[in-house]
There are 2 protein chains.
Amino acid sequence: MEILHERNPDMATLDGDTGREMAEQAVTRSPETQSAHRKEVSPGLRRLATLTSLDEAELIRIAFMAERTQRRVKARSELMREGDPIARPLLILSGWAARMRTLSNGRRQLLSLLLPGDLMGIGRGHQPVALSTIVALTDVAICHLPRQEELDPDSGLAAAYDLSRTLDDHYMLAQIMRLGRLTAYERIADFLLELYERLEPAGVARGGSFPMPLTQELMADAMGLTSVHVNRTLQALRREGVVTIGNSMATLHQPAALAEMVGHRVPIF
Amino acid sequence: MEILHERNPDMATLDGDTGREMAEQAVTRSPETQSAHRKEVSPGLRRLATLTSLDEAELIRIAFMAERTQRRVKARSELMREGDPIARPLLILSGWAARMRTLSNGRRQLLSLLLPGDLMGIGRGHQPVALSTIVALTDVAICHLPRQEELDPDSGLAAAYDLSRTLDDHYMLAQIMRLGRLTAYERIADFLLELYERLEPAGVARGGSFPMPLTQELMADAMGLTSVHVNRTLQALRREGVVTIGNSMATLHQPAALAEMVGHRVPIF
DNA sequence: CGACGCGTTGAATGTTGTCAACATCAGTGG
DNA sequence: CCACTGATGTTGACAACATTCAACGCGTCG
């Protein structure tokens, strides 16, 4: 089994770099301006903007803050360890991370995924503490965002925080359903559907296709299975033409039909 | 399979009755006053008071509000349905409830338990919506509490809301670990340990013993197993002298040793 | 080249689910 | 008071699902 976890990575090393033109671009983004330099907006900011309607001034402030506070983290390093105090909210600008827990005997469970546009540490109360270790699954870019108390309660960002928490909960419940009551086949199908659904607003998924950086072993840790069984189940899904996986990409060929088949549910908001 | 769910019970029927002397008693409660009428405080209020230090004035207000707004709900009825708006926070004064979801084919999963002192609808944002149906597993008494926005942010109750949310999350993560990576034997042991741990501050568990109103089928729904397998696994636990179950009570004989054996973790706060 | 991570495969084993039957008990109504 | 009913717990035989262990291919990277 491969080993994740490498405490204290270069979290504090590199600064800005991709955040360069974010501010202007964020401002530029309006429903009509669909192409051009719009591409350069980070997936995380794009996804954040889909959560609520953010006005121009807010977008500028967020984009600047993202630029100023951006950090890059290498795959496999720990973003956060269980019990750590969380000083300020963090936004995932790009890359994948996950909350995980490991048992003494080595069994490992991925608790929830953190994808571009997801927030960490907007939790609960004034002294939030990480409830689980967070590991970067790919190279990840993150930035700080204002604490909830610093926000105008009626601002778009405050609403985005609220919605983000609700979605977190929704996906935790989905995870519980998967692990408790779905077969391996259904779990994987449901999981892939969720990935597509969550990546799409970040602008990194289109037409049923999305990046799939997870190894089969990590998928196994996410689904409470072994990597061998994930492998065999993926083969079944491929054989049936449901999905194509390879080259770090996945494609769902009949998302709607598949969702129907495995009873996949989308968030109700 | 037994059918839960009975939409719209007599939620709106009976009023106060056990809440009679709550106010005085709540006030009376101080570390020294251990016995006497103290017994009459509802498990839910007792548990709530253990979450943070509530000053006298706060206790009085809460106890009065509990008395004024108390409702009783019969076992098997729905307290709330997925998608319902949640007008105000609810506190469980006594009895057990659960968040559950059912799949089209009848498979059912208990997502999380709600025990005396647990809160519902302190969720997220200003327009919280129930993410899952909530079913009363036993007869339940509930009451309203103030909305977070109505509280002094520095009050003990606000702190209790924060802590309650954190604990909710903790127990959801525990549920994910159980379902994803524990064997049936470990799941049940871990679950029983959690029950004891959560019921103790409500004053309804002592010396390893606690009320156990769940049928084996409900335990199965909680643990992602079948009732037949729960039955067999419970027999193993009994045979090994780990637990005694019967007469709607359960007793753990070596909680500490059991926790060690199955790697059970307690909340870190 | 060698080491390593990752995906793949086969065979054997283990765990959990399914189906069906029966025991017990509490409650219900004749 | 008894027969009936329904919910719950229990058991056995069997099937299905998932894990384990071990091995190998393939590509990447140093």
Side-chain angles (χ1 to χ4, degrees), chain A residues 1-6 74-76 103 105-109 135 137-139 178-189 191 211-239 243-250 262, chain B residues 1-6 74-76 103 105-109 135 137-139 178-189 191 211-239 243-250 262:
Chain A
M1 182 176 58
E2 169 229 10
I3 294 142
L4 284 173
H5 293 339
E6 294 165 11
K74 296 260 268 294
R76 285 141 199 274
L103 299 176
N105 53 21
R107 283 176 290 183
R108 194 167 56 183
Q109 179 65 43
V135 179
L137 303 178
T138 67
D139 288 353
R178 268 196 292 268
L179 297 176
R181 286 303 184 213
L182 298 193
T183 64
Y185 186 98
E186 294 167 322
R187 281 184 217 184
I188 296 188
F191 182 68
M212 182 57 219
L214 301 183
T215 63
Q216 292 181 358
E217 183 167 5
L218 274 169
M219 293 187 70
D221 289 338
M223 325 270 282
L225 300 168
T226 59
S227 61
V228 172
H229 199 55
V230 166
N231 181 293
R232 293 180 168 132
T233 309
L234 280 176
Q235 291 179 49
L237 284 160
R238 283 194 276 245
R239 205 180 313 126
V243 67
T244 306
I245 298 196
N247 220 340
S248 297
M249 288 290 290
V262 302
Chain B
M1 184 175 57
E2 169 231 10
I3 294 143
L4 284 173
H5 293 338
E6 294 166 11
K74 295 261 268 294
R76 283 142 201 274
L103 299 176
N105 53 21
R107 282 175 291 183
R108 194 168 57 180
Q109 179 64 43
V135 178
L137 303 178
T138 67
D139 289 352
R178 267 196 292 268
L179 298 176
R181 286 302 184 216
L182 298 193
T183 63
Y185 186 98
E186 293 166 323
R187 281 185 216 182
I188 297 189
F191 182 67
M212 181 58 218
L214 301 182
T215 63
Q216 292 181 356
E217 182 167 7
L218 275 169
M219 293 187 71
D221 289 338
M223 326 270 282
L225 300 167
T226 58
S227 61
V228 172
H229 200 58
V230 166
N231 181 293
R232 294 185 165 128
T233 308
L234 279 176
Q235 290 179 49
L237 284 160
R238 284 195 275 245
R239 206 179 311 123
V243 67
T244 306
I245 299 197
N247 221 339
S248 296
M249 289 290 290
V262 302

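Note on naming: letters A, B, ... go to the chains in the order of the sequence lines (proteins, then strands), and numbering restarts at 1 for each one.
As a whole-Å value, the separation of B/R239 CZ from D/dT10 P is 12 Å. Rounded to a whole Å, the CG atom of A/L218 is 14 Å from the C1' atom of C/dG7. Distance CD1 (B/I245) to P (D/dG9): 10 Å, rounded to an integer number of Å. Across the protein-nucleic acid pair, B/Q216 atom CD and C/dT24 atom P stand 16 Å apart, rounded to whole Å. Summarising the geometry, the separation between CG on B/D221 and C1' on D/dT8 is reported as 14 Å, rounded to the nearest angstrom. Across the protein-nucleic acid pair, A/N247 atom CG and D/dC26 atom P stand 18 Å apart, rounded to whole Å. Here the P atom of nucleotide C/dT8 and the CD atom of A/E217 are 14 Å apart, to the nearest Å. In this structure, the CD atom of B/Q235 is 9 Å from the P atom of D/dG12, given to the nearest Å.
Across every non-hydrogen atom of B/Q109 and B/L179, the tightest pair is NE2-CD1, 3.8 Å. Contact detail for A/R181 and A/E186: the closest heavy-atom pair is O-OE1, 4.4 Å. What you find for A/E217 and A/S227 is that their closest heavy atoms are CA-CB, 3.8 Å. Between A/R238 and A/I245, the shortest heavy-atom contact is NH1-O, 3.6 Å.
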Counting primed atoms, P, OP1 and OP2 as sugar-phosphate and everything else as base, the B/S/- map of nucleotides 17-24 of chain D against protein heavy atoms under 4.0 Å is -BBBB---
B/R187 vs B/T233, test: side chain to side chain contact (heavy atoms under 4.5 Å, CB included). Steps then yes/no. CA-CA 10 Å; B/R187 281 185 216 182; B/T233 308; over 6 Å; no
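With a 6.0 Å radius and a threshold of 12 heavy atoms from other residues, nucleotides or ligands, B/N247 has its CG atom at or below the threshold.
Between A/N231 and the phosphate of C/dT8, there is a side-chain N or O to OP1/OP2 separation shorter than 4.0 Å.
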